[in-house]
Amino acid sequence: MNTAAIRCTNDLKMYQALLDNTDVKRMRERIQRKEEKRKSPGIRRHLLATSVRLSRSMSAGLHNMADRCTERLGLCTPLELYVYAGPRFNAACFKPEEGRLFIMFSSSLLEAFADQELLFVMGHELGHHVYQHHDIPIGYILRGQRLPPPGLALDLFTWSRYAEISADRTGAYCAEDLQSVARALFKLASGITGDRVVRFSLDEFLRQVDDMLAFDEQPGQGAPMQDWFLTHPFNPLRVKALKHFTESDLMHSGGIGKTELEDRVQQVMGLMEPDYMEGKTDASRAMRNLFLAGAIAVADVYEGISEQEREVLKSFLEKGYAVENLDSRRLRKILPKRIAEAKQWASLTQRMQVVRDLCIIARAERPVATAELELLNEIANGLNLPAGFVQQCLEASAELD
Ligand SMILES: [Zn+2]
């Protein structure tokens, strides 16, 4: 199997565009200069100091699984496995150093996950390496001292979701068992590992996605979904996307083609990433109008629209809006009307999406001023979003899982 063949098309497309982005290039160069200055290998030294290395004799089973994953993914870089004491399920793969690749697990994950589930987790982490996702230093860019242009911040966020979809596919390809893969994602999402109180059902887990979609089709409907949206952003959606993947001809002959697969996946992800800046539906129009009025009002509320903010807004206004026609006072005045329209046409998830995007914009210029925070909260309240949603968005991390 050629791992390139199963990579999510949207991941690849956005990844290539991001590698060409000037700000991303500049950040990559800066990181490389830093690494060249430092003589000793940083990651390995850190892992040796903070975690326990799992040798082959200590953990033959785990190493056999790792062998199986590297074989299936066609990798020949030697692997070192590490565990650290931690109650949260977590695993990570690091950029190779001196020809060695590292995977780190939390102790709770290793103890609570069955073999097939661990194969998925390992395959997922190795997928990030296979597709060189770490070449986009998303954390550095979003947390760095120099602020990224908000358009880039939005792109990075969207890309990271599709990068997870690609990694899930390599994970599923290593585990070869959708049931276990889904159970692994269920454990990650719910924290429940035993079967004393809960017996996991794939069909019912997937039904949750259908219910989310159903809620979503009823504008004005309220559902307690903010946690699915942010904290466990999209585990059920990932399972749904994986189900489509297992039904494709990438996994068995006679399945759906890749184009059809990616269309379906985009539809599933569309719950979170509607392309509303260009969409033609009533909902997209209402979202776009609200986003523009909101972004300008938030930029203006504290010390007016700066030259820098104007530039940023320009990048969003290209499609049919002229920056010189911007009248922030007029837009501030019509903001309530745009909120009302969004409430009428856009679903709850779509409204959450707009506010989250406004938060990404606001966060690009830190610290977020109190007046900006108040306005964001006012917009969120107007849209009937749960209390605390803005705060959650502002604090949400944007790292690869
Ligand atoms: Zn991941």
Side-chain angles (χ1 to χ4, degrees), residues 3-4 6-15 18 43 47 65-66 69-70 72-73 75 77 79 81-84 86 88-96 101-106 108-110 112-113 116-143 155-175 178 180-191 228-245 265 268-269 272-273 396-401:
T3 46
I6 59 174
R7 183 171 188 171
C8 175
T9 310
N10 277 331
D11 161 28
L12 181 62
K13 251 196 270 174
M14 297 196 77
Y15 174 83
L18 284 167
I43 288 163
L47 282 169
M65 285 181 230
C69 289
T70 51
R72 273 186 82 72
L73 300 176
L75 281 169
T77 322
L79 255 186
L81 307 175
Y82 289 84
V83 61
Y84 70 94
R88 280 194 49 205
F89 297 150
N90 189 29
C93 181
F94 298 94
K95 236 170 140 174
L101 194 59
F102 313 99
I103 303 186
M104 179 187 78
F105 306 91
S106 66
S108 54
L109 185 139
L110 283 187
F113 280 50
Q116 296 298 116
E117 297 160 10
L118 285 172
L119 279 173
F120 169 73
V121 171
M122 265 190 231
H124 175 106
E125 293 307 326
L126 290 170
H128 284 308
H129 166 70
V130 169
Y131 298 132
Q132 296 176 294
H133 286 153
H134 297 112
D135 284 354
I136 310 275
I138 182 167
Y140 279 97
I141 298 173
L142 295 175
R143 282 184 284 102
D155 284 347
L156 283 169
F157 198 88
T158 307
W159 166 72
S160 70
R161 295 300 154 108
Y162 283 109
E164 293 304 329
I165 294 288
S166 290
D168 278 349
R169 288 184 188 174
T170 53
Y173 179 65
C174 290
L178 181 64
S180 301
V181 166
R183 201 183 302 110
L185 284 166
F186 173 75
K187 285 181 178 178
L188 289 166
S190 69
W228 283 115
F229 195 82
L230 286 168
T231 334
H232 299 297
F234 66 142
N235 284 5
L237 303 188
R238 282 164 70 178
V239 174
K240 188 89 175 175
L242 276 172
K243 186 153 191 291
H244 289 312
F245 173 61
V265 167
V268 171
M269 301 292 283
M272 296 204 39
E273 312 287 353
S397 81
E399 300 258 15
L400 291 179
D401 293 328

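Start at 1 and go down the list; that is how both ligands and their atoms are numbered. Every value quoted in this text rests on a predicted model; they were computed, and no experiment measured them. All values below come from the heavy atoms of this structure, side chains included, with hydrogens, waters and symmetry mates left out.
Atom OE1 is the N/O/S atom of E164 found closest to the Zn ion (ligand 1). The Zn ion (ligand 1) is closest to atom NE2 of H124 (considering only N, O or S atoms).
Looking at heavy atoms from C-beta onward, E164 lies out of side-chain contact with H133 at the 4.5 angstrom threshold. Within the 4.5 Å cutoff, the side chain of F157 has no heavy atoms near those of the I138 side chain.
Put simply, H133 stays out of reach of the Zn ion (ligand 1), with no N, O or S atom under 2.8 Å from it.
Side chains of S166 and D11: a donor on one and an acceptor on the other come within 3.5 Å.
Both the sub-6.0 Å distance and the 45° axial angle are not jointly satisfied by R183 relative to the ring of F113.
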